[in-house]
There are 2 protein chains.
Amino acid sequence: MVTDIDTSDFGPQSGRPRSDRAVFDAIADPTRRAILDGLSGRSRPAGEIAADFAISRPAVSKHLRALEGAGLVRVTKEGRRRMYEIDAEPLREVDRWMQRYRTMWAAKLVAIKQHVESRASLASSTSPESSAGSSGAAEQVGDGGTPTGAS
Amino acid sequence: MVTDIDTSDFGPQSGRPRSDRAVFDAIADPTRRAILDGLSGRSRPAGEIAADFAISRPAVSKHLRALEGAGLVRVTKEGRRRMYEIDAEPLREVDRWMQRYRTMWAAKLVAIKQHVESRASLASSTSPESSAGSSGAAEQVGDGGTPTGAS
DNA sequence: GTATTATGTAACCGAATGGTTACGGATATT
DNA sequence: AATATCCGTAACCATTCGGTTACATAATAC
């Protein structure tokens, strides 16, 4: 299995995300995440968005451009003002990718629970250390049940 | 509200993620996402991971280093082999950030549903186009109810 | 002991990134 | 009409990024 990367090009299918890559890239930057956060309640003009940050206006423009390119914001002109409105739809792709890892957390929780329960049945004969001991043992559980020793 | 960015440094609190930034940065790259995907079932040696990709071994090493730095993988040596195992915990931070946008999708779904229902009451007199028409109209609904026309 | 395998590190490179100042077109205000 | 405001674009810059080849060390195989 030799993986050819960056094949998820959504194109202008829905006029939204250009690619997975653009979306993931866009949210990788903390400034851009903060911009999106600030847009989550309502659309805002560029100048207002820029006022949130201690960087230059053109720098913010660039970030907004990247977000637009990723389909995460939509721009409408109102006179000399450009209003930016969020479009969260492309983030579904991020959420989709996250799905399997979400199930890992769940699997880890189940493994911890089972471990604690099996520990509790042992602890019925060693009472005073049992709570501290089970807490420590839970740390040793791998993620998603992945064995440390390979085949 | 002037936002000071990159303040989410988790440090060695739990020995896991170094920062939000490192995690978001790590998953921004499609190769690194693919590496994580390939590790989701079990731990694997570096060479096996590298075989999945049409890039050089040192390039893969670099990616693995970035993932390690973000706390997304753990490394154990087995003789001359280095086994990499996933740790999905730092992705919780990504999931947490995503939360508000997930609720936007839900809000959009509610708006669509209400729109379709109000549309259906109209469609009681124009039956054949109603399903196609309601699908088209749903496209016009803003994200999270954000009005296109600003105040 | 020698040869092979596993894999990280260093140095290098071209492209990309996230910032800057200067400038200019469009719109609003005086 | 003159001036002010809004905000994008261009050009520039230092840094980072994701790749490469060359090299070296550690572990395993023969």
Side-chain angles (χ1 to χ4, degrees), chain A residues 2-6 18-36 38-39 43-70 72-85 149-151, chain B residues 2-6 18-36 38-39 43-70 73-85 150-151:
Chain A
V2 178
T3 306
D4 195 13
I5 306 295
D6 198 14
R18 294 296 177 263
S19 67
D20 273 10
R21 174 150 215 166
V23 176
F24 276 96
D25 277 348
I27 66 171
D29 184 80
T31 301
R32 288 200 284 274
R33 290 203 294 283
I35 288 173
L36 288 177
L39 285 176
S43 72
R44 300 167 83 196
E48 186 181 313
I49 295 169
D52 287 355
F53 304 100
I55 57 175
S56 66
R57 284 269 316 102
V60 176
S61 257
K62 278 191 173 178
H63 285 306
L64 289 170
R65 190 71 180 268
L67 289 171
E68 189 186 2
L72 290 166
V73 295
R74 290 191 297 260
V75 197
T76 50
K77 294 179 66 175
E78 293 183 8
R80 65 190 175 184
R81 297 208 310 178
R82 294 172 70 90
M83 304 301 298
Y84 287 82
E85 171 184 6
S151 60
Chain B
V2 178
T3 306
D4 194 15
I5 304 296
D6 198 15
R18 295 294 176 263
S19 69
D20 273 9
R21 175 153 213 162
V23 176
F24 276 96
D25 278 348
I27 66 172
D29 183 79
T31 301
R32 287 199 284 275
R33 289 202 295 284
I35 288 173
L36 289 176
L39 285 176
S43 72
R44 301 167 83 195
E48 186 182 312
I49 295 168
D52 286 357
F53 304 99
I55 58 175
S56 66
R57 284 270 315 99
V60 176
S61 257
K62 278 191 173 179
H63 284 305
L64 289 170
R65 191 71 181 269
L67 288 170
E68 190 185 1
V73 295
R74 289 191 299 261
V75 196
T76 50
K77 295 180 65 172
E78 291 183 10
R80 64 191 177 186
R81 298 207 312 175
R82 293 173 70 90
M83 304 300 299
Y84 287 81
E85 172 185 6
S151 60

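We name chains A, B, ... by the order of the sequence lines, and we start the count at 1 in each one.
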OP1 or OP2 of [N] versus the side-chain N and O atoms of [X]: is any pair under 4.0 Å?
X	N	answer
A:R65	D:dC7	no
A:S56	C:dG19	no
A:R32	C:dG18	yes

Inset, instruction - Examine the base of D:dT5 for any acceptor or donor lying under 3.5 Å from a partner atom in the side chain of A:R80, and report the outcome as yes or no. - result: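 Per atom types, the contact qualifies.
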Inset, instruction - Would you kindly compare B:V75 and A:P58 by the position of their nearest DNA chain C nucleotide and give the one closer to the 5′ end? - result: B:V75
Legend entry - 5' priority, DNA chain C, between A:A28 and A:G79 [closest heavy atom]: A:A28
Spacing between [X] atom [atom1] and [N] atom [atom2], to the nearest angstrom:
X	N	atom1	atom2	answer
B:R44	C:dT7	CZ	C1'	16 Å
A:R82	D:dT5	CZ	P	20 Å
B:D25	D:dT15	CG	P	18 Å
B:E78	C:dT5	CD	C1'	16 Å
A:M83	D:dC7	CE	P	9 Å
A:L67	C:dT17	CG	P	13 Å
B:F53	D:dG19	CZ	P	10 Å
A:K77	C:dA26	NZ	P	8 Å

Legend entry - Side chain B:R33, main chain B:A28, donor-acceptor under 3.5 Å: yes
Legend entry - Under 3.5 Å: donor-acceptor pair, side chain of B:R44, backbone of B:E85: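 Not at all, since once roles are kept as given, no pair shorter than 3.5 Å links the two residues.
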Legend entry - Test log, rule side-chain contact (heavy atoms from CB on, under 4.5 Å), inputs A:I55 and A:H63: CA-CA 11 Å; A:I55 57 175; A:H63 285 306; 4.1 Å; yes
State which of [options] makes the closest approach to the side chain of [X].
X	options	value
B:R57	D:dC6, C:dT7, C:dT20	C:dT7
A:K62	C:dG19, C:dT7, C:dT9	C:dG19
B:R81	C:dG19, C:dA10, C:dA6	C:dA6

Legend entry - Point-to-point distance, once rounded to the nearest 0.5 Å, from CG of B:L36 to CD1 of B:I27: 8.5 Å
Inset, instruction - Check every strand shown and say whether B:A59 touches a base, only sugar-phosphate, or nothing at a heavy-atom separation below 4.0 Å. - result: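 Base contact.
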Legend entry - Side-chain heavy atoms of A:L64 within contact of A:R32, under 4.5 Å: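 Result no, sub-4.5 Å side-chain heavy-atom pair not found.
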